[in-house]
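Have a look at the structure below, then the notes.
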Amino acid sequence: MREPNENHDLDQVYALMMDALDGQLPAGDWNRLEAALRAHPDLAVEWEAMQAVDTLFRRAPAARPAADFAERTMARLPNWRVRRWAMGAVFVAMGAAGLLPLAFLGWFFGAQLTTIATATWQISGALLGALGQLLVHFGGFLTRYPAAMGTLLVMIGSISLWSGVYRQLMIAPATTAQS
């Protein structure tokens, strides 16, 4: 166990090491640094590693961007005009591929297609009319009994809240089991 003054001394040794790496250590403090490194072999190993890294950084060439970096980057970007035309052609081809089966059905069924389309239109109109009437009657019900809407909203909120709590409870054991 180190005493408090020894930690302070080690901090001073680290400060001396940093000053030495920066080239700002006075001649008198070199003796203090060398004495501390002899007294603490683990610090001497760390000092050697620091010097090796410092030497490596000082000898490494500086990373300089190339002069024509912007021009080369712009040249590598895709041509947007060509890309738009290609994407348009792909969408047209996909649309044609989707319409091709409909065209085949129209050719195959011929006159029956208009009858089928008319019947489909009438059925969808009737379904939309029924849905509209249902919404009108539901609106009238809510106008007479507004507490029904409040009850519905409270139920939806409770279900949402408790489903989130349930999910969190189910996730928590899985994460603690992995740790």
Review point. Are L161 and L169 co-members of a hydrophobic cluster defined by side-chain heavy atoms under 4.5 Å apart?
Key: yes
If Ile, Leu, Val, Met, Phe, Trp and Tyr residues are connected whenever their side-chain heavy atoms lie under 4.5 Å apart, and connections chain through other members, are W85 and M94 in the same group? no
To the nearest 0.5 Å, atom CG of D54 lies from atom CE of M17 at 11.5 Å
- Task: Group every Ile, Leu, Val, Met, Phe, Trp and Tyr by side-chain heavy-atom contacts under 4.5 Å, then state whether V136 and L128 land in the same group.
- Result: no
Scanning both residues in full, the closest heavy-atom pair of L33 with A20 reads CD2-CB, 4.1 Å
Value for CE (M149) from OG1 (T151), rounded to nearest 0.5 Å, stands at 10.5 Å
For A36 and V13, the nearest pair of non-hydrogen atoms, with its separation, is CB-CG2, 3.5 Å
>> Quick check on the hydrophobic clustering: are V45 and L10 connected, directly or via other members, by side-chain heavy-atom contacts under 4.5 Å?
In response: no
Separation between CG (L16) and CD (E34), nearest 0.5 Å, reads 11.0 Å
Output for pair (F138 CZ, T143 OG1), nearest 0.5 Å, gives 10.0 Å
### Task
Would you please test Q168 and V165 for side chain to side chain contact (heavy atoms under 4.5 Å, CB included) and show each step?
CA-CA 5 Å; Q168 289 297 321; V165 169; 5.8 Å; no
**Request:** Consider only side-chain heavy atoms of I, L, V, M, F, W and Y, link residues closer than 4.5 Å, and tell whether I156 and L142 are in one cluster.
**Result:** yes
In this structure, CD1 of I159 is separated from OH of Y166 (nearest 0.5 Å) by 15.0 Å
